[in-house]
Amino acid sequence: MTDTAARRYRTIFLSDLHLGARGAQAHLLLDFLKHNDADQIYLVGDIVDGWKLKNGWYWPQAHNDVVQKLLRKARKGVRVIYVPGNHDEFARDYAGLTFGGVEVIEEAVHETADGKKMLVIHGDQFDIVVRNARWLAFLGDWAYDLAIVANTWLNRARRLFGVGYWSLSAWAKMKVKNAVNFIGDFEKTLAAEAGRRGVDGVICGHIHHATIKTIEGVLYLNTGDFVESCTAIVEHDDGGFEIIHWRTTAAEREAAIAARRVKALPPPRAAAA
């Protein structure tokens with residue numbers, strides 16, 4: 001792939017962009033949308049962070065550019081389907097409508113190229129905390145924001161020492177027993193719901209933990225997020241799925257470009273005798 005060419009897929013699934021939040025990686029997301037295209041794009045919830053916007057307006061130009069980029073793709077014939085989540089639950093009031101070519105629906109059943117039927121849903125409907133203790137969900141959201149701020153400063157220090165990106169909150173998720181148990185229970189619940197509905201699998205977001213796995217015969221896919229991990233799920237033309245880790249991809253591309261520039265520099269002249 002050249003620096004300007006876009007890789008094309010059958011379908012792209014993105015979730016948890018959290019536009020309107022300071023932690024949103026809008027520049028990396030724009031880079032992803034520049035280098036990747038598809039026949040259809042699913043926006044699987046928490047695209048806009050209404051919780052944050054209620055507490056104070058934050059909408060820099062890069063966030064607006066993401067929206068405009070998606071609308072341009074829709075105008076050019078890409079089918080864009082928006083399945084709202086809990087942070088953008090206001091959009092659920094508009095399910096069944098189309099805005100600028102973007103279809104808003106509560107949930108979807110996506111059929112893959114090889115005939116699998118996949119439930120597409122954000123997943124907050126199956127989060128006991130979100131459903132039954134919203135105050136606790138808001139508290140968890142505040143704690144996550146704190147971790148993001150700490151993570152930002154930590155990685156600035158790591159860059160000074162030439163060390164790559166490392167996610168504090170992702171590490172905590174995998175080390176704290178309750179967080180690990182929550183992720184496991186969430187995955188099993190979503191897979192069970194897909195099985196109950198008679199589909200082959202489920203594609204969701206919500207917990208910011210990208211994965212592709214099979215749970216008791218049901219395919220479970222989570223898109224991750226574009227706050228920390230900067231991941232997406234793509235479907236290839238044969239119906240196969242893949243996780244794209246765009247933070248890593250973008251870093252590798254920038255390193256390759258820098259290496260080519262260094263290589264293209266003229267050799268230093270020999271010192272005069």
Open item on the list: Can you classify the ring geometry of His35 versus Trp246 as parallel (below 30°), tilted (30 to 60°) or perpendicular (above 60°)?
Closed with: tilted

Open item on the list: Take a 6.0 Å sphere around CD of Gln61 and say whether it holds more than 12 heavy atoms from other residues, nucleotides or ligands.
Closed with: yes

Open item on the list: One thing to verify: whether Asp37 and Lys73 come together as a salt bridge, which I'm taking to mean a side-chain N less than 4.0 angstrom from a carboxylate O.
Closed with: yes

Task: Step-by-step side chain to side chain donor-acceptor pair (under 3.5 Å) determination, Asn222 to His209 - done: CA-CA 7 Å; Asn222 194 298; His209 182 62; over 6 Å; no

TODO: Mind running side chain to side chain donor-acceptor pair (under 3.5 Å) on His206 and Asp124 for me, showing each step along the way?
DONE: CA-CA 6 Å; His206 187 55; Asp124 61 290; 5.3 Å; no

- [ ] Answer yes or no: is there a donor N or O on one side and an acceptor on the other, between the side chain of His63 and the main chain of Gly20, under 3.5 Å?
- [x] yes

Open item on the list: Testing the basics here: between Glu235 and Phe13, what is the closest heavy-atom pair and its distance to 0.1 Å?
Closed with: CB-CE1, 4.4 Å

- [ ] Indicate, with yes or no, if Ile207 and Tyr42 share a hydrophobic cluster defined by side-chain heavy-atom contacts under 4.5 Å among Ile, Leu, Val, Met, Phe, Trp and Tyr.
- [x] no

Open item on the list: Let me check something: do Tyr58 and Phe226 share a hydrophobic cluster, defined by ILVMFWY side-chain heavy atoms less than 4.5 Å apart, either directly or through other members?
Closed with: no

Task: Ion pair check, Glu111 and Lys116, cut-off under 4.0 Å - done: no

- [ ] Apply the test side chain to side chain donor-acceptor pair (under 3.5 Å) to residues His236 and Glu242: give CA-CA distance (whole Å), side-chain angles for both, the deciding distance (0.1 Å), then the verdict.
- [x] CA-CA 8 Å; His236 294 281; Glu242 179 187 358; 2.7 Å; yes

- [ ] Look at Asp39 together with Arg8 and state whether they make a salt bridge at an N to O cut-off of under 4.0 Å.
- [x] yes

- [ ] Indicate yes or no for a side-chain donor-acceptor contact from Arg92 to the backbone of Pro84 under 3.5 Å, with no hydrogens or angles considered.
- [x] yes

Open item on the list: Using a 3.5 Å distance criterion without hydrogens, assess whether the side chain of Asp46 forms a donor-acceptor pair with backbone atoms of Asn86.
Closed with: yes

TODO: Would you check if the side chain of Gln125 reaches a backbone N or O of Gly123 as a donor-acceptor pair within less than 3.5 Å?
DONE: yes

